[in-house]
Visitor: 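Encoded as structure tokens, here's the structure I'll be asking about.
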Protein chains: 2
Amino acid sequence: MTEKRVGQRTIALAHPPSVISFANIGGRFEGEGPLGGYFDETNDDSFFGEKTWEKAESAMQKKVLQRALDQAGLKPKDLDYIFAGDLLNQCIGSSFGLRDFGIPFYGLYGACSTMGESLSLAAMMIDGGFASKCAAMTSSHFCTAERQYRMPVPYGSQRPPTAQWTATASGCTILAREGEGPYITHITCGKIVDKGVTDANNMGAAMAPAAYDSLAAFFRDTGTGPRDYDLVITGDLGELGHAIVRDFFAKDGIDMGENFQDCGLLLYDRDKQDMHAGASGCGCSASVLNGYLLTEMRRGKWKNILFAPTGALLSPTSSFQGESVPGICHVVQISMKK
Amino acid sequence: MTEKRVGQRTIALAHPPSVISFANIGGRFEGEGPLGGYFDETNDDSFFGEKTWEKAESAMQKKVLQRALDQAGLKPKDLDYIFAGDLLNQCIGSSFGLRDFGIPFYGLYGACSTMGESLSLAAMMIDGGFASKCAAMTSSHFCTAERQYRMPVPYGSQRPPTAQWTATASGCTILAREGEGPYITHITCGKIVDKGVTDANNMGAAMAPAAYDSLAAFFRDTGTGPRDYDLVITGDLGELGHAIVRDFFAKDGIDMGENFQDCGLLLYDRDKQDMHAGASGCGCSASVLNGYLLTEMRRGKWKNILFAPTGALLSPTSSFQGESVPGICHVVQISMKK
């Protein structure tokens, strides 16, 4: 058996699976943002033609999977597995969105790190010889997340400046054993990291220690640093959380440099669109990956990136009970070279 | 690369990972039931020494993982991954229960099928060469589930005869590349199956089509039938759901025989303990597997079993919005022979 582990926590895939198709979808604000042109579809109707926002979120997953299948010329039966999850209680965005496809399904809960978790497991299932083709996907919706985690949108609650805006978006990647890239080459699985932050309106600060933990492990295991990548991009740390990670590395004498970015800081126009500390939600990193990032990798803008989405593993109940916010971050190296 | 697939949906592991340790924990009713002697620990205090039931559920996961580690003489750092999830919103039973261990974590949501899902992924990660040792676990708690899915327990709502009783229990299995068994030899991943059942008090009927779908796929792919196993055991279909699966197979001319059982029908004494249609919850199949089943396999009672826990992928919100109940079932073959 090939030893596929590098250092303590990182996997070097023996036969890096290839991205063969990807698709994304967004709402009105995502379409109006600076990455609007990288969306396959945006819809001004927050209900996406459905009667409730939860059904709208499922509709997004359904549409984005169908589009990714179509772009690869595949039928649902061609996929061996689908890995998916979302933020909704009991992950109903995924289970109702994907129930009609009849694809073997492993449901995940990784909060906003789900795109990284699903991509990791899909890649390892292919590299391990268990599958030829797998889909990895997730979604979030501003209106379902607000009423579940905070307040129903019609209440018009004020949001503090540290608050982020849950993206109404979904993204899907299809991986296969063979393809023309980009390839998934390395994976570091996150640990649950909890440094005691209790402010549920400051998720970026809560998740920053997890991002630092996983990225530092990745660099240590692979003997590389941020300068070895064209882009090191977190998921939805937002302004504050992203700065905290930069500071943590600076204390170790590591300058993260200008290639250190955050999907949550790219999705909206920070001047024209008032989204406070940036975008968040599973759909944020999923739609940025499955639009801007993979498109521009194929066009040659970047050859080698680290995709590191973070998740905050809280619930309203855990916050009501005085618990702090545990975070997690899954790191995936995506490269044009195998 | 070895072709590890058998038929359309089933994996035959090339080097079947071994169970090296297992542990379970339960509440008062589980301890008073016919399988009470197979619990490592039962506690009459439904709070397990904590201030809330949610924290009690996390405490169960923490205790059961620690016990499984101790029994194998392992430290947390010896585990490459832990796969876990639970029924609570945002799976806080797992994230808060496991945060102090510092073990790389892939969070799952498979409702009451989670023990099957976690065991499947843990086994494939080892067989695929990504890990040496992994833990698979889950939990449920009657009081957290009742107030989240139905009504707070103190309301004293009446429960219909088809209702099942969510087990207050948790179970953990540790798998490794080498060991003395039992071994995980085959895996069939479930599809989401929804036949339109809308009664949230009749989960067994809602999940039965998924159990039939996955078990039928397993038999078809492997060219075997129920008589080839010493035990074919579903997770928590309860009286009604279990009978429906038996009927489905009878229509195909397959007699499931007397070795077809359900963890939910074994956990409580059906005469002395009034639990209506049987036990349910992630902790039901997890505690029965990691007590009665694995103990008796090692003692020689059964050599070869099919463990097939089912999950109902609904939420209170999906039911309020008129949705039916999608089910899923993951099948895992556990054998004393590699």
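The chains referred to below are lettered A, B, ... by the order of the sequence lines, with proteins before strands, and numbering in each begins at 1.
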Visitor: Within the side chain of K4(B), is there an N or O that forms a donor-acceptor pair under 3.5 Å with the backbone of A131(A)?
Guide: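 Flag not set: sc K4(B) to bb A131(A) has no pair under 3.5 Å.
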
Visitor: Just so I understand: if I count every heavy-atom pair under 4.5 Å between each of H330(A), K51(A), Q8(A) and chain B, which residue has the most?
Guide: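 Maximum pair count with chain B is reached by H330(A).
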
Visitor: Run the side chain to side chain contact (heavy atoms under 4.5 Å, CB included) check on D127(A) and F130(B) step by step: do they pass?
Guide: CA-CA 10 Å; D127(A) 188 66; F130(B) 306 109; 3.4 Å; yes

Visitor: Could you give me the CA-CA distance, side-chain angles and deciding distance for L314(A) and I92(B), then say whether side chain to side chain contact (heavy atoms under 4.5 Å, CB included) is met?
Guide: CA-CA 7 Å; L314(A) 83 164; I92(B) 54 170; 5.8 Å; no

Visitor: Which distance, rounded to the nearest 0.5 Å, do you find between the CZ of F96(A) and the OG of S318(B)?
Guide: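 Those atoms lie 3.5 Å apart.
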
Visitor: Quick one: what part of Q148(A) sits under 4.5 Å from any heavy atom of chain B, side chain, backbone, both or neither?
Guide: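 Answer is side chain: those atoms of Q148(A) sit under 4.5 Å from chain B.
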
Visitor: Does any N or O in the side chain of E117(A) come within less than 3.5 Å of the main-chain N or O of G107(B), such that one atom is a donor and the other an acceptor?
Guide: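 Present.
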
Visitor: Tell me if a side-chain donor or acceptor on K55(A) pairs with a main-chain N or O of Q321(B) at a distance below 3.5 Å.
Guide: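 Here the side-chain-to-backbone pair exists.
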
Visitor: Heavy-atom distance under 4.5 Å to chain B: side chain of L98(A), backbone, both or neither?
Guide: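 Answer is both: backbone and side chain atoms of L98(A) are under 4.5 Å from chain B.
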
Visitor: Select one option (side chain, backbone, both, neither) describing which atoms of F320(B) are under 4.5 Å from chain A's heavy atoms.
Guide: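 For F320(B), there is no contact with chain A at all, as no heavy atom is under 4.5 Å.
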
Visitor: Can you tell me which of K77(A), M125(A), E54(A) forms the most heavy-atom pairs within a distance under 4.5 Å of chain B?
Guide: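 Looking at each of K77(A), M125(A), E54(A) in turn, E54(A) comes out on top.
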
Visitor: Donor-acceptor pair, S315(B) side chain versus Q90(A) backbone, under 3.5 Å?
Guide: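 Not a single qualifying donor-acceptor pair exists.
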
Visitor: Compare all side-chain heavy atoms of Y109(A) with those of S94(B) and state whether any distance is below 4.5 angstrom.
Guide: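 They are not in contact (no side-chain heavy atoms under 4.5 Å apart), so the answer is no.
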
Visitor: Is it the backbone or the side chain of F101(A) that comes under 4.5 Å from a heavy atom of chain B, or both, or neither?
Guide: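 Neither the backbone nor the side chain of F101(A) comes within 4.5 Å of chain B.
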
Visitor: Go through the atoms of L108(A) and report whether side chain, backbone, both or neither lie under 4.5 Å from a heavy atom of chain B.
Guide: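 Both backbone and side chain of L108(A) come within 4.5 Å of chain B.
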
Visitor: So which of L121(A), L87(A), T188(A) has the biggest tally of heavy-atom pairs under 4.5 Å with chain B?
Guide: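 Most heavy-atom pairs under 4.5 Å with chain B: L121(A).
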
Visitor: With a 4.5 angstrom heavy-atom cut-off, could you sort out which part of S58(B) is near chain A: side chain, backbone, both or neither?
Guide: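 The answer is neither part of S58(B).
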
Visitor: Do the non-hydrogen side-chain atoms of T317(B) and L88(A) ever get within less than 4.5 Å of each other?
Guide: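 A side-chain contact is absent here, since even the closest heavy-atom pair is not under 4.5 Å.
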
Visitor: Any heavy-atom pair between the side chains of D80(A) and R9(B) that's under 4.5 Å?
Guide: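 In short, these two side chains do not touch, never coming nearer than 4.5 Å.
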
Visitor: Looking only at heavy atoms and a cut-off of under 4.5 Å, which of G102(B), S214(B), S120(B) has the most pairs with chain A?
Guide: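 Looking at each of G102(B), S214(B), S120(B) in turn, G102(B) comes out on top.
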
Visitor: Without swapping roles, check the side chain of K191(B) against the backbone of R99(A) for a donor-acceptor pair under 3.5 Å.
Guide: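 Between the backbone of R99(A) and the side chain of K191(B) there is no qualifying donor-acceptor contact (under 3.5 Å).
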
Visitor: Please identify, among S132(A), G190(A), C91(A), A12(A), the residue contributing the most non-hydrogen atom pairs under 4.5 Å to chain B.
Guide: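 With the most close heavy-atom pairs to chain B, the winner is G190(A).
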
Visitor: Taking S113(A), S95(A), G85(A), C189(A) one by one, which has the highest count of heavy-atom pairs under 4.5 Å against chain B?
Guide: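 Most heavy-atom pairs under 4.5 Å with chain B: C189(A).
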
Visitor: Does any backbone or side-chain atom of I11(A) lie under 4.5 Å from a heavy atom of chain B? Answer side chain, backbone, both or neither.
Guide: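 The side chain, not the backbone.
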
Visitor: Can you tell which of T52(A), D100(A), I103(A), V193(A) has the highest number of heavy-atom pairs within less than 4.5 Å of chain B?
Guide: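 It is T52(A).
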
Visitor: Does some side-chain heavy atom of Y106(A) sit less than 4.5 Å from a side-chain heavy atom of I328(B)?
Guide: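 Contact flag for I328(B)/Y106(A) side chains = no.
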
